[in-house]
Amino acid sequence: MTDPSLAALLGRVAGGDPAALRLLYQAQSVRLFGIANAILRDRDAAADAMQDAFLRLSQRAGQFDASRGEAAAWLGGVVRHAALDQARRRGREQPCDDPALGDAAVAPEALDQVLAADEAQRLHGCLAALEAKNRQGILLAFVHGLSHAQISARLELPLGTVKAWIRRGLLQLRECLA
Amino acid sequence: MIPTDPRERDALAAEYVLGTLEARAAAEVAAALATNPALAAEVTAWEARLAPLQALAPPEAPPPDLWQRIEAALEGHAAPAPALAAAATPAQAWRPWLNLWRGWAIGASAVAAGLAGLLVLQPAPAPRLMTVLLTQQDQPAWTVEADSQGALRLAALNPRPVAADRVLQLWALPQGATAPTSLGLVPATGQMTVTPRTLRPEPGMLIEISLEPPGGSPLGRPSGPVLFIGRLTRAGNS
C-alpha cells in the first residue's frame, strides 16, 4: 500500500511541523494502537508505548527513507519497537497462557485473510512453506511480542529448539523472498 | 557486541526486528543503528520483509485522551486539545465479521424499528434516538436511548446473570465505520449511561453487546459471541 501522503507527513514532521504529527496520529492511531495492544495486551501499557513511539517519531521522522520501504510499515515498526521495549521493561511478565491471548493469538486463517490481499502474497507463500510450529513461533513473536521462553512454553518445545527453529525459519524466509 | 560476520549480523538484525532479542541485546542493536550502516541496512530490509505481518494485529481505537497526553509530553506541559475525530483505519481483517454484522442488521432492523415504535417511553429529557437490542431469536432484551447531549442509556428489559467468568461488553459501530468502538462493560445491574467521547450517536448506528472474558475483549472488537444487536433510529414524537 503506497501512501505518498503518509510519507509527505513524515517529511513535514522531520521539518519540525507539529501539525503534521497530529495528522499522522489521526490517520494511523487505530492501526498503530492495535499493533501495540497486540504485543502488550494491556490498553494502559499500549497507550504508554504509543506516547513513547510518537516522541521517537517527532525526533526521528527524518530517518524514514521512502526508497527503502512504505511509510505505514515504518510507522508500524517504530510503534512495535516501542511496545517491545515496554514489554521487556515489564519483564514480559504476561504468561504464555495469557487468557487475553487465548484464541486471539494469530491463527492460520487470519494469516490467509490478511495476507491473501496484496503484495503480501509472497511473504504468505514463504511463511506457508515453513513448518507449522516454526511459522507459529515467528508469528507469535512478531504480532504478540512473545519471547523465546514464552514461545517455548506455548508451543511445548524445548527453549533451544525454539531458538534454533526461529533462526532457521527467518533464514528460510530471507532466501524465499530473495 | 555486534558481529562482523555478515551472516551472524543479518541473523541478529532479523531477531531484532522479530522482537525476540532480550533487553540488553535489543538495546545494543538499537544503539548501533546510528553508527553501523551495514547493520542498519539489514534491519531496514527485515522491517520491510516482515511489515505485512503488522496487519495481523487487530486495529483498536486508542483511549480518547491519548493524543492530548502525547501533545503534553511533546511540549513538556499540559496543553488543552480539542477532541479528536475517531480515526478509522481500513482493515482487511475486519471484513468477514463486518459483513456478517451488516447482513444481520439489514434483516433485523425492520423488527427493531417496529419495536422501537412500541417502546417510546416517557423519559425526561426525551430520547433523540433509540433502539431495542434483540437476541439472536429476535427477542427484545435491552433498550438503548440516546439523548440530545450524546449520552447513551442502556437498560435491561429482562435482566439475566451471565456466567461468573464472563462479562457483557457494549459496542457502537457508526455507519460507514470499519471498526466498532467499545462503550465499556455492562454492569451487573443491567443499567448504564455512557457518553462516548469519540463518536456521536446518530441514526443508523449499530449497537451490540458481546460476551467477553473478564476485563472485556482483548481485540478492540468483539472476541466472543454477539448476543444482542440493534440499530439506532429516531425516536417518535413523544
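Every chain is numbered from 1 and lettered A, B, ... according to where its sequence line falls, protein lines coming before strand lines. When reading the values below, keep in mind they use all heavy atoms of this one structure, side chains included, and skip hydrogens, waters and symmetry mates.
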Colleague: Is it the backbone or the side chain of L177(A) that comes under 4.5 Å from a heavy atom of chain B, or both, or neither?
Modeller: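 The side chain, not the backbone.
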
Colleague: Flag yes if more than 12 heavy atoms outside E175(A) fall under 6.0 Å of its CD atom; otherwise flag no.
Modeller: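 Yes.
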
Colleague: Between S58(A) and L74(B), what is the shortest heavy-atom contact and its length?
Modeller: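 That closest heavy-atom pairing would be OG-CD2, 3.5 Å.
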
Colleague: CZ/R49(B) to CZ/R122(A) distance, rounded to the nearest 0.5 angstrom?
Modeller: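 Interatomic distance, R49(B) CZ to R122(A) CZ, rounded to 0.5 Å: 10.0 Å.
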
Colleague: On a heavy-atom basis, which atom in V17(B) and which in H81(A) lie closest, and how many Å separate them?
Modeller: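 For V17(B) and H81(A), the tightest heavy-atom pair comes out as CA-CE1, 4.1 Å.
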
Colleague: Could you measure the distance from the CD1 atom of I70(B) to the CG atom of L55(A)? Nearest 0.5 Å is fine.
Modeller: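 Going from CD1 on I70(B) over to CG on L55(A), the span is 7.5 Å.
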
Colleague: Which atom pair, heavy atoms only, marks the closest approach of P63(B) to Y25(A)?
Modeller: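 Heavy atoms of P63(B) and Y25(A) come nearest at O-OH, 4.4 Å.
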
Colleague: Under a 4.5 Å cutoff for heavy-atom pairs, which residue among A11(B), A61(B), A48(B), P214(B) has the most contacts with chain A?
Modeller: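 Sorted descending by pairs with chain A, the first entry is A61(B).
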
Colleague: Does the side chain of L170(A) come within less than 4.5 Å of W46(B)'s, by heavy atoms?
Modeller: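 SC-SC contact between W46(B) and L170(A) confirmed.
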
Colleague: If you measure from OG1 on T44(B) to CD on Q63(A), what distance do you get to the nearest 0.5 Å?
Modeller: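 Going from OG1 on T44(B) over to CD on Q63(A), the span is 9.5 Å.
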
Colleague: Are any non-hydrogen side-chain atoms of R43(A) and E60(B) less than 4.5 angstrom apart?
Modeller: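 Answer yes - side chains close enough.
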
Colleague: Looking at G34(A) and A57(B), what are the two nearest heavy atoms and their distance?
Modeller: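 That would be O-CB, 3.7 Å.
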
Colleague: For Q54(B) and L32(A): C-alpha separation, side-chain torsions, deciding distance, then whether side-chain contact (heavy atoms from CB on, under 4.5 Å) applies.
Modeller: CA-CA 9 Å; Q54(B) 288 176 8; L32(A) 296 176; 5.9 Å; no

Colleague: Please tell me if the side chains of E15(B) and K163(A) come closer than 4.5 Å, counting only heavy atoms from C-beta onward.
Modeller: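 Heavy-atom side-chain distance check fails, nothing below 4.5 Å.
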
Colleague: Roughly how far apart are T20(B) OG1 and F142(A) CZ, rounded to 0.5 Å?
Modeller: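 Those atoms lie 11.5 Å apart.
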
Colleague: Over all heavy atoms of both residues, which pair between G19(B) and L84(A) is shortest? Give the atoms and the distance, please.
Modeller: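 Looks like CA-CD1, 3.6 Å.
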
Colleague: Checking A30(B) against chain A: side chain, backbone, both or neither under 4.5 Å from a heavy atom?
Modeller: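 Answer is neither: A30(B) stays 4.5 Å or more from chain A.
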
Colleague: Quick one: does H144(A)'s side chain get under 4.5 Å of L56(B)'s, heavy atoms only?
Modeller: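 H144(A) does not reach L56(B) side chain to side chain.
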
Colleague: According to the interplanar angle, ranging from 0 to 90°, do the rings of F54(A) and W67(B) count as parallel (below 30°), tilted (30 to 60°) or perpendicular (above 60°)?
Modeller: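 The rings of F54(A) and W67(B) stand perpendicular, inter-plane angle above 60°.
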
Colleague: Shortest non-hydrogen contact from Q51(A) to A73(B)?
Modeller: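 Taking Q51(A) first and A73(B) second, the nearest heavy atoms are NE2-CB, 3.2 Å.
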
Colleague: Which bit of E47(B) is near chain A, if near means a heavy-atom gap under 4.5 Å: side chain, backbone, both or neither?
Modeller: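 The answer is the side chain of E47(B).
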
Colleague: Would you sort out whether E42(B) and R174(A) count as a side-chain contact (heavy atoms from CB on, under 4.5 Å), showing the intermediate values?
Modeller: CA-CA 11 Å; E42(B) 281 152 358; R174(A) 196 189 61 183; over 6 Å; no

Colleague: What is the distance from atom CD1 of I138(A) to atom CG of L53(B), rounded to the nearest 0.5 Å?
Modeller: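 It is 9.0 Å, given to the nearest 0.5 Å.
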
Colleague: For the side chain of R80(A) and the backbone of L18(B), is there at least one donor-acceptor N/O pair under 3.5 Å apart?
Modeller: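 It does hold such a pair.
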
Colleague: Let's go through L173(A) and L50(B) carefully: what are the C-alpha distance in whole Å and the side-chain angles of both, what is the deciding distance for side-chain contact (heavy atoms from CB on, under 4.5 Å) to 0.1 Å, and is it a yes or a no?
Modeller: CA-CA 9 Å; L173(A) 274 187; L50(B) 298 181; 4.0 Å; yes

